[in-house]
Amino acid sequence: MNIFSYHQASDAASAITLKQAGPTTKYLGGGTNLVDLMRETVEKPETLIDVTHLSSTIEQRADGSLLIGAGVKNTALAAHGAVRTQFPVLSRAVLAGASAQIRNVATVGGNILQRTRCRYFYDNAAHCNKREPHSGCDALEGFNRYHAILGASASCVATHPSDMCVALVALDAMVHLQGPAGKRSLPLRDLHRLPGDTPEIETALHPDELITAVEIPALPFAKKSAYRKVRDRASYAFALVSVAAALDLDGDGNVNDVRLALGGVAHKPWRALKAEAHLKGQKADAEHFRAAAEAELAEAVGLRDNAFKIELAKRTIVAVLEELKGENA
């Protein structure tokens, strides 16, 4: 009997990919760039299945949480009143990504499962362990300005391209899944995997499992949240470094609570747990902001073209926290 695995839709194709299971099966999501990868013959799915029936509604709950259907368009998400007022970091992150035309068709589920834009992944003539396991990684010695400084391996130094996911990870979002074994949920920060020795396995999705919704829990202090994206040009460019943050201060100017996540630095949206732990209970000032950034980036490793991102990430963390400190004041 043939067993198939299917995953979240490509937005442009409104489809999920089906691949026959076997020794070379790759469990992949469609994502916003599935059609691009098909055009480049990087992906050759056996079947495309329409998933436009997935929920395209946003449910605002009495406790302040949001349930966002996987089929919600990025434009609708960024413009939703509750998102703009309760979770402005998410609205800003969505608006920082892609063009208005792409946001009009891109969905939440497809955004989550978009795949890396690493040029060597797209180039069939290049060595890429993500595209062809055990073939090598040309990015290690090639042009790697946009590549990872955290959580990378000798097998892969690609980065996850989503802006939206960085904000969702900072907000402790949960992703709801459904498959033959029933429904389950997991933190979005655990959905994407670090490369290790198997960069071709990109997510924690099980075979035959589909993203149905994303839930953002209530977080009152997220009203004071921000997203900053540092890139080579002002628009339509992927992040060199991005920072999503929310900051809560007490009456004495100390950090009561904080949420912090980084984009453009790793194979997955990077939750800055070390920096958060360092900040809690500390005075909200530049010295402690910098110390927290240093703690988070202590294990960062730069490549030939991207070592500058280590200092850039530290400075961006400090700048965003200073911005939020001013808003709290």
Side-chain angles (χ1 to χ4, degrees), residues 11-12 31-33 36-37 39-40 42 74-75 78 89-104 106 110-112 114-123 126 128 130-131 137-152 156-170 192 195 199 226-245 260-270 272 293 296-297 300-323:
D11 298 313
T32 54
N33 54 336
D36 292 340
L37 294 170
R39 287 174 179 153
E40 299 294 332
V42 173
N74 284 181
T75 295
V89 62
L90 178 56
S91 182
R92 294 178 190 179
V94 173
L95 293 173
S99 64
Q101 293 90 336
I102 291 175
R103 293 196 299 269
N104 286 340
N111 189 316
I112 291 171
Q114 64 182 295
R115 306 185 68 199
T116 184
R117 267 42 174 211
C118 174
R119 63 171 58 188
Y120 301 103
F121 174 63
Y122 269 76
D123 183 358
C128 173
K130 183 181 289 294
R131 190 184 65 252
C137 175
D138 280 350
L140 289 170
E141 301 296 333
F143 180 75
N144 44 44
R145 177 176 175 81
Y146 293 94
H147 289 69
I149 56 174
L150 289 167
C156 185
V157 292
T159 56
H160 193 269
S162 174
D163 293 289
M164 181 193 77
C165 286
V166 181
L168 288 174
V169 164
H192 300 98
Y227 184 76
R228 183 171 298 194
K229 181 177 182 178
V230 183
R231 45 193 164 177
D232 280 333
R233 59 179 189 271
S235 60
Y236 312 146
F238 294 102
L240 291 167
V241 168
S242 64
V243 174
L260 195 63
L262 308 178
V265 298
H267 204 253
K268 60 186 290 183
W270 188 269
E296 192 61 49
L297 277 296
V301 177
L303 301 169
R304 183 193 64 207
D305 301 323
N306 74 353
F308 72 94
K309 291 171 69 170
I310 300 174
E311 178 61 23
L312 180 62
K314 295 174 184 177
R315 294 186 182 189
T316 307
I317 290 171
V318 173
V320 172
L321 292 174
E322 288 282 10
E323 175 188 341

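FYI, side chains are in, hydrogens and waters are out, and symmetry mates aren't considered; it's all heavy atoms of this structure. Sequential numbering from 1 along the given sequence is applied to the chain's residues.
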Pairwise distance [atom1]([X]) to [atom2]([Y]) - rounded to 0.5 angstrom:
| X | Y | atom1 | atom2 | answer |
| --- | --- | --- | --- | --- |
| E296 | I310 | CD | CD1 | 12.5 Å |
| Q114 | C165 | CD | SG | 7.0 Å |
| T316 | K309 | OG1 | NZ | 11.0 Å |

Taking the six-membered ring for Trp, are H160 and H192 ring centroids under 6.0 Å apart?
yes
Among residues at least two apart in sequence or on other chains, which ones pass side-chain contact (heavy atoms from CB on, under 4.5 Å) with [X]?
| X | value |
| --- | --- |
| S99 | Q101, I102, Y236 |
| E322 | A286, F289, V318, K325 |
| R304 | N144 |
| Y122 | N33, D36, L37, E40, R117 |

Do Y227 and D163 have a side chain donor and acceptor closer than 3.5 Å?
yes
Indicate whether the side chain of T32 and that of N111 have a donor and an acceptor atom separated by less than 3.5 Å.
no
Take Y146 and N306, measure what side chain to side chain contact (heavy atoms under 4.5 Å, CB included) needs, and give me the verdict at the end.
CA-CA 7 Å; Y146 293 94; N306 74 353; over 6 Å; no
Which heavy atom of [X] sits nearest a heavy atom of [Y], and at what distance?
| X | Y | answer |
| --- | --- | --- |
| A152 | C156 | CB-O, 3.7 Å |
| G151 | P195 | O-CD, 3.3 Å |
| L321 | A245 | CD2-CB, 4.4 Å |
| H147 | A139 | NE2-CB, 3.6 Å |
| A167 | L90 | CB-CA, 3.8 Å |
| A313 | V241 | CA-CG1, 3.7 Å |

Would a 4.5 Å heavy-atom cut-off, applied to side chains only, mark [X] and [Y] as touching?
| X | Y | result |
| --- | --- | --- |
| R231 | F238 | no |
| L260 | I317 | yes |
| I149 | L297 | yes |

side-chain hydrogen bond (donor to acceptor under 3.5 Å, both in side chains) against T116, all qualifying residues, sequence neighbours excluded:
none
Of all residues at least two apart in sequence or in a different chain, which pass the side-chain hydrogen bond (donor to acceptor under 3.5 Å, both in side chains) check with N104?
T75
Looking at D232 and R145, is any side-chain nitrogen of the basic one under 4.0 Å from a carboxylate oxygen of the acidic one?
yes
Ignoring hydrogens and angles, tell me if any N or O in the side chain of R131 forms a donor-acceptor pair with the backbone of V42 under 3.5 Å.
no
Counting N and O atoms only, with roles assigned by atom type, does the side chain of K130 sit under 3.5 Å from a partner on the main chain of P199, one being a donor and the other an acceptor?
yes
